[in-house]
Asks: 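Below you will find the structure I want to go over with you.
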Protein chains: 2
Amino acid sequence: MALEHAILVSLAEKTASGYDLARRFDASIGHFWKASHQQIYKVLGRMESDKWVEAHLVEQSGRPDKKVYAITGEGRDELLRWSSTPTPIEPTRSEIAVKVRGLPFGDREAVLSDVRTRREAHVAQLAYYEASAAKHYPDPSAIGEDELGAYLVLRAGFMQEQTGIAWCDEILQAFGADER
Amino acid sequence: MALEHAILVSLAEKTASGYDLARRFDASIGHFWKASHQQIYKVLGRMESDKWVEAHLVEQSGRPDKKVYAITGEGRDELLRWSSTPTPIEPTRSEIAVKVRGLPFGDREAVLSDVRTRREAHVAQLAYYEASAAKHYPDPSAIGEDELGAYLVLRAGFMQEQTGIAWCDEILQAFGADER
DNA sequence: TGTTGCATTGCAACTCGTTGCATAGTACGG
DNA sequence: CCGTACTATGCAACGAGTTGCAATGCAACA
């Protein structure tokens, strides 16, 4: 139940409409917490009744009106409260790990080609993180306190992709399928 | 929707009761796919109507009777079919990443102590994987084809914990909080 | 002019998984 | 003898998230 909090963080940084949030969740924040626009609208509604956020309608010309949400004092309180409660370690859930584990009962070639595809996805994502870091934080030693969180999260993504690539390589090597 | 398939893999290796499966999901397979016993019983029921597994009742003395499930031919077919369909990349969902990202709006000390706790959990899990590898695969060069899947999954866990530790260290270092 | 795509919000139905509860016999430690 | 823990199976209610669908009005492209 942390989508609420992900939204609060996002709104604490900058007010946004549901649509804006949906796009943010497709990009930056979405790298470690995905959400569809349907889900976002639903949760925003609940958060508004909880007084964590408040909306005001912005009329636009040429495009539909939008509701811009801002975090409230209560929302900030909730963020603080939440940040000081221990985080449960969420179990990994990896379908491809199940497939690899069950390789003797599966289609070996298909799974290996799946692994190759996944490797490429990791490489692409890694490149994205790298570019993003180079753009926003060209000088890592000059990162301010307020940017540090975002930077560290980017690092997490980066490291995770590296690990993902390394694991794929081990698999492909183990099955002698790393030549293409 | 891969719990079915995780169960199929488990049953393909060895028949089991729901209770047995629940314990396996607390241990080996559970490292990359968690499931509660309630969930397992529910899914087993569905799988039985789908003819993927079949159960026979085993009467026991001194303890409750149990239903031992075995994979069927159809179950094996399904496993094969599933293994040859592409695996969607499941998005990461990390509550602690949200907290780190939102650190400027949260309780800094609490989050950092949370990170320290998490680091310890990673260390413990890493040790567990290490011990497990040493016990089951003392000689990595002598691993047979049928064990390879299980071994590689263990490797994935190992690498992930390492990455987790490294990330925690970066955070603690960045905030100058790595002394304890 | 027709089609595609963007901006914007939302509902309804469904699936997956969690939490809480229930039952029941045995074994073991205090 | 009492409480706790283990073996064993399951239901009911709920919550989170996904999939599918809908509306509207503008801009750009073919």
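On a predicted model such as this, the values are computed, not experimentally measured, just so you know. We name chains A, B, ... by the order of the sequence lines, and we start the count at 1 in each one. We use all heavy atoms of the structure for the numbers below, so side chains are in, but hydrogens, waters and symmetry mates are not.
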Asks: Starting at atom CG of B:Leu21, determine the distance to atom P of D:dT7, rounded to an integer number of angstrom.
Replies: 15 Å
Asks: Measure the distance from CD on B:Gln60 to C1' on D:dA8 and round it to the nearest whole Å.
Replies: 8 Å
Asks: Is there a side-chain contact between B:Val111 and B:Phe175 (heavy atoms, below 4.5 Å)?
Replies: no
Asks: Given atom CZ of B:Arg93 and atom P of D:dA16, what is their separation to the nearest angstrom?
Replies: 11 Å
Asks: Would you kindly give the CD-to-P distance between B:Glu90 and D:dG17, to the nearest whole Å?
Replies: 16 Å
Asks: Would you find a donor on one side and an acceptor on the other, under 3.5 Å apart, between the side chain of A:Arg101 and the backbone of B:Val153?
Replies: no
Asks: Would you mind telling me which residue lines up with the more 5' stretch of DNA chain D, B:Lys42 or A:Gln39, judged by nearest nucleotide?
Replies: B:Lys42
Asks: Would you indicate, yes or no, if D:dC6 has its OP1 or OP2 atom less than 4.0 angstrom from a side-chain nitrogen or oxygen of B:Arg23?
Replies: no
Asks: When you measure from the side chain of A:Thr163 to the backbone of A:Met159, do you find a donor-acceptor pair of N or O atoms at a distance under 3.5 Å?
Replies: yes
Asks: Using modelled atom types only, decide if a donor and an acceptor are shared between the side chain of B:Thr72 and the backbone of B:Lys51 within a distance under 3.5 Å.
Replies: yes
Asks: Using a heavy-atom cut-off of 4.0 Å across all strands, would you classify B:Gln38 as base, sugar-phosphate, or nothing?
Replies: base
Asks: Counting just side-chain N and O atoms, does B:Tyr19 come under 4.0 Å of either OP1 or OP2 of D:dT7?
Replies: yes
Asks: What integer distance in Å separates B:Asp20:CG from D:dT9:C1'?
Replies: 13 Å
Asks: Using a 4.0 Å heavy-atom cut-off, does B:Lys34 contact any base of the nucleic acid, only the sugar-phosphate backbone, or nothing at all?
Replies: nothing
Asks: For B:Val68 and A:Pro64, find the nucleotide of DNA chain D closest to each by heavy atoms; which residue's nucleotide sits nearer the 5' end?
Replies: B:Val68
Asks: Report the residue (B:Arg63 or A:Lys66) whose heavy-atom-nearest nucleotide on DNA chain C is the more 5′ of the two.
Replies: A:Lys66
Asks: Does this structure show an ion pair linking A:Glu170 with A:Arg119, if we count only N-O contacts that are shorter than 4.0 Å?
Replies: no
Asks: Rounded to the nearest Å, what distance is computed from the NE2 atom of residue B:His37 to the C1' atom of nucleotide D:dA8?
Replies: 10 Å
Asks: Could you check which of D:dA8, D:dG10, D:dT19 has an atom nearest any side-chain atom of A:Ser36?
Replies: D:dT19
Asks: Let me know the distance between CG of B:Leu44 and P of D:dA8, rounded to the nearest Å.
Replies: 14 Å
Asks: Measure from OH on B:Tyr69 to C1' on D:dA8 and round the result to the nearest Å.
Replies: 11 Å
Asks: Regarding B:Arg23 and B:Asp26, does a basic nitrogen lie under 4.0 Å from an acidic carboxylate oxygen?
Replies: no
Asks: Between B:His5 and B:Trp82, what is the ring plane arrangement, given parallel below 30°, perpendicular above 60°, and tilted in between?
Replies: parallel
Asks: Going 5' to 3' along DNA chain C, which nucleotides are the first and last within contact of chain B (any atom under 4.0 Å from a heavy atom)?
Replies: C:dC16 to C:dT26
